[in-house]
Amino acid sequence: MPELPEVEVLRSSLEPVVVGERIERVRTWNRSLREPVSRGLGRRVAGRRIERLRRRAKYLLIDLDGGVTVVVHLGMSGRFTLVPSRAPRQLHEHLALFLESGRRLRLRDPRRFGLVFARATDRLDADRHFRHLGVEPLGADFDGACLARAARGRTAPIKSFLLDGRVVVGVGNIYASEALFRAGIHPRRSVGRVSRSRWDRLAESVRAVLASAIEQGGTTLNDFTDGAGEPGYFQVSLSVYGREGEGCPRCGATVRRIVQSQRSTFYCPGCQR
DNA sequence: CCTTGAACCTGCGGGC
DNA sequence: TGCCCGCAGGTTCAAG
């Protein structure tokens, strides 16, 4: 479900409604997510107030008073929503933060690739999940130069390169295809054979595609919703992702699907070189 | 270091 | 109707 735009939409939808709330307790029904949920999580966060919500890569960061941050990652199928008091437990609801108001923040994740843990806020960057993360694509230091620099000495196809979180974070399988389409670059092109001007164009495309997806409330293919349970609308704006066999919106050629490192890639053979 | 492939898990839709 | 297959938005680890 979630790439950077979806997590950002989740963050901004939850922020105004949960900041200032106190977490009363944590309840888990199933601790076996991608990594086991720590037994000490409840003790660590109970009684603390939510000060703000941030995002790093595809991680949602819930900063609490006292210098503690709850880290939530949604994996492939996770949803994190605010539900009213006494809302019945849903299938695959593995964990919930019970708030003082009675409402709760519910993590529902059928495939259990998600992740929840707490860390000292000032030590987040040193955590193994964050230490090797690359640049934020919507931040000031993301540009063609930084992509070109990261590509030096490498030969991987550019689609795989875009998915590598040590280079740039937050770009997942949907937006990698979309950004390459916008930039006119063939997904199989080796990063060793990309000109400087095309790196610039790609950086601009990544930014534009992500920003536009955020504006549209994210992409809802099956189950993405924001914190209030509302779906996104960017799926109608997708140019190539999921459109195998359809006409390219730019040149009319037939959109193709190929497989790269076991993931589908969609591209237009007419526009992308 | 780089690259690739397998692994983790459940659900859904298509084909027969 | 029911079964089997392929497919799904992410990350990590091992092996070459």
Side-chain angles (χ1 to χ4, degrees), chain A residues 1-10 29-37 55-60 71-80 90-95 107-117 127-134 137 149-180 187-193 206 209-210 213-214 216-226 231-238 240-245 257-266:
Chain A
M1 152 177 86
E3 302 183 31
L4 183 152
E6 289 71 38
V7 180
E8 181 56 32
V9 166
L10 175 64
W29 289 273
N30 185 351
R31 296 176 182 279
S32 65
L33 302 184
R34 193 171 93 217
E35 294 168 18
V37 178
R55 179 194 55 74
R56 170 73 171 117
K58 298 169 189 165
Y59 296 89
L60 176 69
V71 179
V72 178
H73 192 287
L74 299 176
M76 293 277 259
S77 59
R79 280 201 232 188
F80 193 65
Q90 280 189 338
L91 187 63
H92 304 304
E93 180 174 351
H94 307 307
L95 175 149
L107 177 68
R108 182 171 173 236
D109 183 8
R111 295 177 73 180
R112 289 191 277 121
F113 289 169
L115 188 60
V116 180
F117 62 91
D127 185 89
R128 63 188 174 81
H129 299 280
F130 298 92
R131 201 173 358 182
H132 300 114
L133 290 182
R149 201 180 319 124
R152 275 202 295 245
R154 299 180 64 163
T155 58
I158 197 162
K159 158 77 172 342
S160 314
F161 180 78
L162 271 186
L163 291 179
D164 185 346
R166 294 166 306 178
V167 176
V168 56
V169 299
V171 182
N173 208 40
I174 296 176
Y175 300 112
S177 282
E178 292 296 308
L180 288 169
R188 283 209 177 106
R189 175 171 288 272
S190 163
V191 294
R193 299 216 198 93
V206 168
V209 165
L210 297 180
I214 291 170
Q216 300 294 308
T219 296
T220 298
L221 295 183
N222 288 311
D223 52 8
F224 168 71
T225 66
D226 70 9
Y233 295 96
F234 192 69
Q235 62 276 12
V236 303
S237 306
L238 295 173
V240 287
Y241 185 87
R243 300 201 184 280
E244 181 185 20
R257 183 180 85 94
I258 57 176
V259 175
Q260 297 180 281
S261 4
Q262 302 134 216
R263 317 288 308 272
S264 288
T265 301
F266 299 87

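Throughout, protein chains are lettered first and strands after them, A, B, ... in sequence-line order, and every chain is numbered starting at 1.
Between A/R154 and B/dC1 there is no side-chain polar atom (N or O) within less than 4.0 angstrom of OP1 or OP2. A sub-4.0 Å separation between OP1 or OP2 of C/dT11 and a side-chain N or O of A/K58 is present. In terms of phosphate contacts, A/R257 brings a side-chain nitrogen or oxygen within less than 4.0 Å of OP1 or OP2 of C/dC7.
Side-chain proximity of A/P2 to C/dC7, C/dT12, C/dG10: nearest is C/dG10. Of the listed nucleotides (C/dG10, C/dA8, C/dT12), C/dA8 has the atom at the smallest distance from the side chain of A/Y241. The nucleotide whose nearest atom lies closest to any side-chain atom of A/H129 is, among C/dG9, B/dT3, C/dT12, C/dT12.
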Which letters describe nucleotides 8-15 of chain B, given B = protein heavy atom under 4.0 Å from base, S = only from sugar-phosphate, - = neither? BBBS----
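The environment of A/R193 atom CZ is sparse: at most 12 non-hydrogen atoms of other residues, nucleotides or ligands sit within 6.0 angstrom.
The pair A/R55-A/E8 meets the salt-bridge criterion, with a side-chain N (NZ, NE, NH1 or NH2) lying under 4.0 Å from an Asp/Glu carboxylate O.
Summarising the geometry, the separation between CG on A/L33 and P on C/dT11 is reported as 15 Å, rounded to the nearest angstrom. Atom pair A/R79:CZ and C/dG10:P shows a separation of 17 Å (rounding to whole Å applied). Atom CD of A/E3 is separated from atom C1' of C/dG9 by 5 Å (rounded to the nearest Å). Counting to the nearest Å, the P atom of C/dG9 and the CD atom of A/Q216 are 21 Å from each other. Protein atom CG of A/L4 is 11 Å distant from nucleotide atom P of C/dT11, rounded to whole Å. Between the CD atom of A/Q262 and the C1' atom of C/dG9 there is a distance of 16 Å, given to the nearest Å. Spacing between atom CG of A/L163 and atom C1' of C/dT11 amounts to 11 Å, rounded to whole angstrom units. Rounded to a whole Å, the OH atom of A/Y233 is 18 Å from the C1' atom of C/dG9.
For the pair A/Q90 (side chain) and A/R108 (backbone), a donor-acceptor distance under 3.5 Å is absent. One N or O on the side chain of A/N173 and one on the backbone of A/S264 form a donor-acceptor pair closer than 3.5 Å. Counting only distance, with no hydrogens or angles, the side chain of A/R243 and the backbone of A/L238 share a donor-acceptor pair below 3.5 Å.
Remark: A/D127 engages A/R119 in a salt bridge (Lys or Arg N to Asp or Glu O under 4.0 Å) (not counting sequence neighbours).
Across all strands shown, A/S160 has no heavy atoms under 4.0 Å from either base or sugar-phosphate atoms.
When ring centroids are compared, A/F113 and A/H73 stay outside the 6.0 Å threshold. In this structure, A/F130 has its ring center closer than 6.0 angstrom to the ring center of A/Y59.
Looking at DNA chain C, the stems built from 3 or more consecutive Watson-Crick or G-U wobble pairs, each pair with its key distances under 3.5 Å, are B:2-8 with C:10-16, B:10-16 with C:2-8.
With both ends at atom P, the span from B/dG5 to C/dC7 equals 15 Å, rounded to whole Å.
Taken to the nearest 0.5 Å, the OG1 atom of A/T265 stands 5.0 Å off from the CD1 atom of A/I258. One distance of note links CD1 of A/I174 with CD of A/E3; it measures 5.0 Å at 0.5 Å rounding.
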